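Sequence lines set the chain letters: A, B, ... in the order given, protein chains first and strands last, and positions in each chain run from 1. Keep in mind the model is a prediction, meaning the values are calculated, not measured. The figures here come from the full heavy-atom set of this structure, side chains too, leaving out hydrogens, waters and symmetry mates.
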There are 2 protein chains.
Amino acid sequence: MAKHDTDLSDLFHALADPTRRSILTHLAQGPAPVSELAEPTGLRLPTVMRHLAVLEEAGLIATSKDGRVRTCAIVPEALMPMRTWLDEQRVIWESRLDRLDDYVKKVMKERET
Amino acid sequence: MAKHDTDLSDLFHALADPTRRSILTHLAQGPAPVSELAEPTGLRLPTVMRHLAVLEEAGLIATSKDGRVRTCAIVPEALMPMRTWLDEQRVIWESRLDRLDDYVKKVMKERET
DNA sequence: CAGATAGTTAGACATATGGCTAAGCATGAC
DNA sequence: GTCATGCTTAGCCATATGTCTAACTATCTG
């Protein structure tokens, strides 16, 4: 299991939290200071800080401090590994789709009874 | 926060674990019984069962029992919400880049004068 | 029926996660 | 210098997660 694997796990893990996804969506509008990001979440600053730390470790955001204000910004390229994984999976999964589709339908039918 | 949100969180969470991703990759080769999935992970059966439960709750796999054998199979459509989210983000994130681009151009122009 | 096979359930346990409060530490405004 | 602002650190707490062992159920096989 390469570091590549860890990257993906961190990425998925970071995105698994609604608060963090909403922070990302907010940041998509442009860079913002910590407090501005905290405000709409209704969470306390330290809590938001930890979310930001998770996002930063996953490489999804970059931050820098100017005076006493820390500005956060998204790192668009960060989603690439995920996109790549998704595309890989699609290729494999879809190559079996016809066969699996039959199987899944059979399973679903059995479930209903 | 709608059900949609929970779906995404569950999906990302399910995919955040390397063991679960490897199980999915294995299943991409075709449906398989529990023990066959457990073997390459080096984990005990109950542990693998829990991973399978997580995958099933996220809608990523479907299972059915025939005799004493439970067969698992991937559910390709399950990745759709994630793909959709990813595409949405790409649109926003990239439009942000465009805006930044505009901003830079504006600054450069102002500098010239 | 006896024994092997394939899952399943229950419960224990260590660590991780997400939230909070209460201080603490720079920096900017007066 | 003093005070407000904005972030940080430290530490607490409840719940969730990933792993295991041990014991149980259900289903073939002979």
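We find that CG of A/L55 is positioned 14 Å from C1' of C/dG18, with the value rounded to whole Å. Counting to the nearest Å, the C1' atom of C/dT8 and the CG atom of B/L37 are 16 Å from each other. If you take CD1 of B/I23 and P of D/dG18, they are 11 Å apart, rounded to a whole angstrom. As rounded to whole Å, 16 Å separates atom P of D/dT25 from atom CE of B/M49. C/dT8 atom P lies 4 Å from atom CZ of B/R70, rounded to whole Å. Rounded to whole Å, atom P of C/dT21 lies 12 Å from atom CG of A/L45. With rounding to whole Å, A/R50 atom CZ is found 14 Å from C/dT21 atom C1'. Look at CG on B/L43: it is 13 Å from C1' on D/dT17, rounded to the nearest Å.
Comparing D/dT19, C/dT9, C/dT5 against the side chain of B/T19 picks out D/dT19 as the nearest. Candidate nucleotides C/dT8, D/dG6, C/dA4 were compared by shortest atom distance to the side chain of B/K65, and C/dT8 ranks first. Checking C/dC20, D/dG18, C/dG18 against every side-chain atom of A/D17, the shortest atom distance belongs to C/dG18. Listed nucleotides: C/dG19, D/dT9, D/dG6. Nearest to the side chain of A/V69: D/dG6. Of all nucleotides listed (C/dT17, D/dC20, C/dT5), C/dT17 comes nearest to the side chain of A/H13.
At least one side-chain nitrogen or oxygen of A/R44 sits closer than 4.0 Å to the OP1 or OP2 atom of C/dT21. Dashed line: the shortest gap from a side-chain N or O of B/H51 to OP1 or OP2 of D/dT17 is not under 4.0 Å. A/T47 has no side-chain polar atom (N or O) that falls below the 4.0 Å cut-off from OP1 or OP2 of C/dG18. In terms of phosphate contacts, A/R20 brings a side-chain nitrogen or oxygen within less than 4.0 Å of OP1 or OP2 of C/dG18.
Within the nucleic acid shown, A/P33 comes within 4.0 Å of sugar-phosphate atoms alone, with no base atom in reach, counting heavy atoms only.
When the nearest nucleotides of DNA chain C are assigned to A/D66 and A/G42 by heavy-atom distance, the more 5′-ward of the two goes with A/G42. Looking at which nucleotide of DNA chain D each of A/R68 and A/P46 is closest to, the 5′-most match is held by A/R68.
Shown here is A/R44, whose CZ atom has no more than 12 heavy atoms of other residues, nucleotides or ligands within 6.0 Å. Counting heavy-atom neighbours within 6.0 Å of B/D87 CG, excluding the residue itself, gives a total above 12.
Looking at every heavy atom in both residues, B/A28 comes nearest to B/I74 through CA-CD1, 3.9 Å.
Side-chain atoms of B/L60 and B/V75, non-hydrogen and from C-beta on, never get closer than 4.5 Å to each other. Counting heavy atoms from C-beta outward, B/L24 and B/L15 have side chains that approach closer than 4.5 Å.
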